[in-house]
Amino acid sequence: MEKNYYQKELETMEREQLLALQNERLVAQVKHVYEHVPYYRRLMEEKGLVPADIASVDDLHKLPFLTKDDLREAYPDGLLAVPKGDCVRIQSTSGTTGRRVISYYTQHDVDLWDECCARAIIAVGGTNEDVVQVSYGYGLFTGGPGLNGGSHKVGSLTLPMSSGNTDRQLQFMTDLGATILCCTPSYAAYLGESIADRGIKDQIKLKAGIFGAEAWSEEMRRDIEKALGIKAYDIYGLTEISGPGVSFECEEQAGMHINEDHFIPEIIDPETGEVLPYGEKGELVFTCITKEAFPLLRYRTRDITILTDEPCSCGRTHVRMKRPMGRSDDMLIVKGVNVFPSQIEAVLLNEGLSANYQIVVDRVNNSDTIDVMVEMTPELFSDVAGSITAKEKSIVNALKSMLGIYAGVHLVEPRSIVRSEGKAVRVIDKRKI
Ligand code: DLL
């Protein structure tokens with residue numbers, strides 16, 4: 001099969017050549033930031049660094065890290081590297097606590113971001129013949145604008161649906177024959193349920209989905225693929241670094257290629273900051289080497305993953321990251337045990353349940369409790385009460401062997417957990433209140 005790339009030369013560049021490009025871009029970027037961002041210059045000076053100390057990617061580890069706290073401290077424009085007059089857009093994170101994080105874009109930045117999203121669309125087989133339904137939120141959230149821009153670059157017919165209003169989503173999907181769906185995996189699963197409810201699966205022309213912005217699992221991928229009759233692909237990104245399209249899956253569905261000509265990835269030990277080799281699990285850090293307005297260097301994402309530079313049969317040479325396994329800051333510590341919501345999800349899906357669940361953590365009599373509410377399948381719901389109790393027990397045991405601790409399991413009625421049109425709220429940690 002003829003392979004399709006949006007920017008073949010860049011996406012399939014020999015690693016040696018790619019490294020040379022990264023070196024050149026990094027040196028220029030460090031100089032740009034040092035000269036135009038007093039906040040960052042101060043951080044470099046504190047480490048006794050001047051731009052000449054960074055001659056190549058090998059010197060990257062010398063640079064200070066940036067964290068969300070720096071972004072909050074520098075809010076709203078303390079990390080801006082160009083005059084405001086050169087910017088054409090801002091986007092912002094979905095965070096609800098503390099100060100918002102704002103990312104600025106010049107037209108050049110928007111173009112590069114759109115190109116990254118175009119790469120993702122082409123990688124799933126998209127062409128100008130496709131009808132791309134963008135059901136990520138539009139506005140400050142980067143999901144809608146990012147995939148919208150990518151779809152324009154590819155020349156596909158773009159349906160800028162934004163999230164919500166499921167009836168309207170399904171009407172456009174069927175009437176206009178959408179072939180590629182872009183939204184959060186939880187909304188994709190919900191659309192799948194809604195399609196089944198309405199008995200309209202035969203009117204759906206979708207062939208692929210580009211789903212990201214929240215953690216999901218291989219099991220959830222299989223469920224969505226079945227419900228929508230498509231191939232489902234992962235896409236990753238964060239507002240601070242641009243938005244969706246920092247990395248994306250190719251037809252192999254085996255990890256997301258990081259757009260390394262724009263972003264240099266590192267994996268670090270979240271405790272010590274030490275750089276870890278490919279293959280080791282740690283926190284993902286990005287350095288932006290092509291952005292003008294908001295070029296973060298060594299930004300700590302808090303996402304935990306593993307990088308691999310093993311060749312991919314799609315022909316792309318850019319390293320791949322595994323789907324994020326949680327966040328170094330969102331990780332739950334229950335009874336002293338590290339718990340990732342994704343582990344719980346994997347158990348539930350393995351037990352044949354849906355991804356509609358909620359984890360409630362509390363502290364009772366000075367002791368942590370963890371309870372998982374999960375919706376029954378309609379089959380299970382109509383079963384006798386005895387088998388529900390047996391099912392709960394079986395999940396409790398499966399969770400115990402996965403997590404090493406007891407978690408209460410409560411099977412609840414189908415459709416009783418509130419659906420999200422954006423990112424699902426999976427964890428309620430009452431201990432913080
Ligand atoms: O979620 C950007 C995005 C939009 C990505 C649409 C993909 C699709 P933020 O709101 O800034 O930006 O949230 C970024 O979401 O640090 C991860 O923790 C999480 N995240 C994003 N993509 C994935 C994914 C957008 N594919 C934060 N799998 C990131 C798991 C993801 N987590």
Side-chain angles (χ1 to χ4, degrees), residues 66-68 71-72 90-98 100-103 105 113-114 116-117 119-121 124 132-151 161-163 180-188 209-218 220-221 224 232-249 253 255-259 263 265 270 283-286 294 296 299-306 320-331 340-343 345-346 355 420-427:
L66 276 177
T67 66
K68 222 177 197 126
L71 269 61
R72 292 198 175 114
I90 66 143
Q91 302 286 163
S92 179
T93 55
S94 44
T96 47
T97 50
R100 278 189 167 272
V101 167
I102 289 183
S103 177
Y105 304 75
W113 176 24
D114 289 350
C116 287
C117 289
R119 290 180 186 181
I121 294 172
V124 309
V132 178
Q133 177 154 354
V134 184
S135 308
Y136 286 112
Y138 279 65
L140 288 171
F141 180 55
T142 52
L147 271 307
N148 190 94
S151 174
M161 300 302 300
S162 197
S163 55
I180 298 180
L181 173 66
C182 307
C183 61
T184 56
S186 42
Y187 195 49
I210 304 179
F211 306 131
E214 64 182 358
W216 53 314
S217 56
E218 239 3 88
M220 190 165 174
R221 185 201 315 258
I224 294 173
Y233 299 89
D234 206 352
I235 186 166
Y236 168 89
L238 58 164
T239 316
E240 299 91 313
I241 301 301
S242 65
V246 171
S247 66
F248 61 87
E249 268 187 342
Q253 295 178 305
M256 296 178 272
H257 290 280
I258 295 173
N259 282 310
F263 316 109
E283 183 182 331
L284 186 58
V285 172
F286 282 115
F294 203 67
L296 302 186
Y299 182 67
R300 292 186 59 162
T301 65
R302 301 283 173 192
D303 289 316
I304 303 292
T305 187
I306 296 172
R320 281 170 292 160
M321 58 182 269
K322 284 208 167 153
R323 55 172 79 245
M325 299 154 192
R327 292 176 58 85
S328 62
D329 54 355
D330 270 2
M331 184 176 72
F340 287 101
S342 56
Q343 295 175 299
E345 183 178 303
S420 151
E421 289 165 352
K423 301 192 192 207
V425 180
R426 303 283 198 210
V427 180

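All values below come from the heavy atoms of this structure, side chains included, with hydrogens, waters and symmetry mates left out. Computed from a predicted structure; not experimentally measured. Counting starts at 1 for both ligands and their atoms, following the listed order.
Distances below 4.0 Å separate heavy atoms of K423 from the following atoms of ligand 1: 1 (O), 9 (P), 10 (O), 13 (O), 15 (O). Using a 4.0 Å cut-off to heavy atoms of Y136, the atoms of ligand 1 that qualify are 6 (C), 8 (C). If you number the atoms of ligand 1 from 1 as listed, the ones under 4.0 Å from a heavy atom of I235 come out as 7 (C), 8 (C), 22 (N), 24 (C), 26 (N).
In terms of polar-atom proximity, defined here as any N/O pair under 3.5 Å, W216 makes no such contact with ligand 1. Not one N or O of F141 is nearer than 3.5 Å to an N or O of ligand 1, by distance alone. Here's the thing with T93: none of its N/O atoms is less than 3.5 angstrom from an N/O atom of ligand 1.
Remark: K68 NZ is packed, more than 12 non-hydrogen atoms of other residues, nucleotides or ligands lying under 6.0 Å away.
Side chain of T142 to backbone of T239: no donor-acceptor contact under 3.5 angstrom is found.
Relative ring orientation between Y105 and W113 is described as parallel, the plane-to-plane angle staying below 30° on a 0-90° scale split at 30° and 60°.
Side-chain contact between I210 and F248: absent, with no pair of heavy atoms (C-beta onward) separated by less than 4.5 Å. For the pair T305/Y236, no side-chain contact is recorded, criterion being any heavy-atom separation below 4.5 Å from C-beta on.
Scored by the side-chain contact (heavy atoms from CB on, under 4.5 Å) test, S163 finds E421 as partners (sequence neighbours excluded). Taking S217 as the reference, E219, M220, E345, L349 meet the side-chain contact (heavy atoms from CB on, under 4.5 Å) condition, with sequence neighbours excluded.
The nearest non-hydrogen atom to atom 16 (O) of ligand 1, considering only D234, D303, L238, comes from D303. When the heavy-atom distances from atom 14 (C) of ligand 1 to A213, G237, P324 are ranked, the shortest goes to G237. Of the candidates E214, Q91, M321, K68, it is E214 that places a heavy atom closest to atom 32 (N) of ligand 1.
Both the backbone and the side chain of T239 come within 4.0 Å of ligand 1, counting heavy atoms alone.
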